[in-house]
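One structure is given below, encoded as structure tokens.
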Amino acid sequence: MPNKPWSPENAVPAFTAALSRAGYDREFRDRLAKSTDSAREAVSEEGEIDIAPDIVIVFHEKELNEKYHTFYLPPFDADQKDVRHEYLKYFQCCYNGWKPPVSS
């Protein structure tokens, strides 16, 4: 049976399954934390989902993720050498694109 395609509807349950297993299976947990490639493979297998090689998945065991800094690049314009692009505008600490809205 083929794996499900990558989408929020399929990826969210795959992440939930991987996180649940990581709570009791040390070998699986170590695979998640080993590298982005290992994490992608483990989530793919556990969730039976196809995850493209350009998808980067990071798991860590510390409460804070101070070692991971994610930014999107500002628009490119070779004539704008004097434009200042502020850190906070481009800092993307947490991707909320798939996060469901919080109900009140």
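Because only heavy atoms are used, hydrogens play no part in the values below, and waters and symmetry mates are left out as well, while side chains stay in. As the structure is a computational prediction, the values presented were derived from the model and not from experiment.
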Considering residues at least two apart in sequence or located in another chain, which fulfil the salt bridge (charged side-chain N to carboxylate O under 4.0 Å, His left out) criterion with R29? E61
If you round to the nearest 0.5 Å, how far is CG of D25 from OG of S20? 12.0 Å
From K89 NZ over to R84 CZ, what is the distance, rounded to the nearest 0.5 angstrom? 13.0 Å
For P13 versus P8, what's the shortest heavy-atom pair and its separation? CD-O, 4.1 Å
Smallest separation among heavy atoms of A42 and L32, with atom names: CB-CD2, 3.8 Å
Ignoring hydrogens and angles, tell me if any N or O in the side chain of T16 forms a donor-acceptor pair with the backbone of V12 under 3.5 Å. yes
List the atom of N10, the atom of K4, and the distance in Å for their closest heavy-atom pair. ND2-CB, 3.6 Å
Taking the basic N atoms (NZ, or NE/NH1/NH2) and the acidic carboxylate oxygens, is any pair closer than 4.0 Å for R31 and E46? no
Does the distance from a Lys or Arg side-chain N to an Asp or Glu carboxylate O, for R26 and D30, drop under 4.0 Å? yes
Work out which heavy atom in S44 is nearest to a heavy atom in I51; give both atom names and the distance. N-CD1, 3.7 Å
Tell me, with the steps shown, if D50 and W6 meet side-chain contact (heavy atoms from CB on, under 4.5 Å). CA-CA 6 Å; D50 288 327; W6 177 257; 5.7 Å; no
Could you grab the distance from atom CD of E41 to atom CD1 of I57, nearest 0.5 Å is fine? 11.0 Å
Check G47 against A14 and note the closest heavy-atom contact, atom names and distance. CA-CB, 3.6 Å
Residue pair F59 / A39: nearest heavy atoms and the distance that separates them: CD1-CB, 3.8 Å
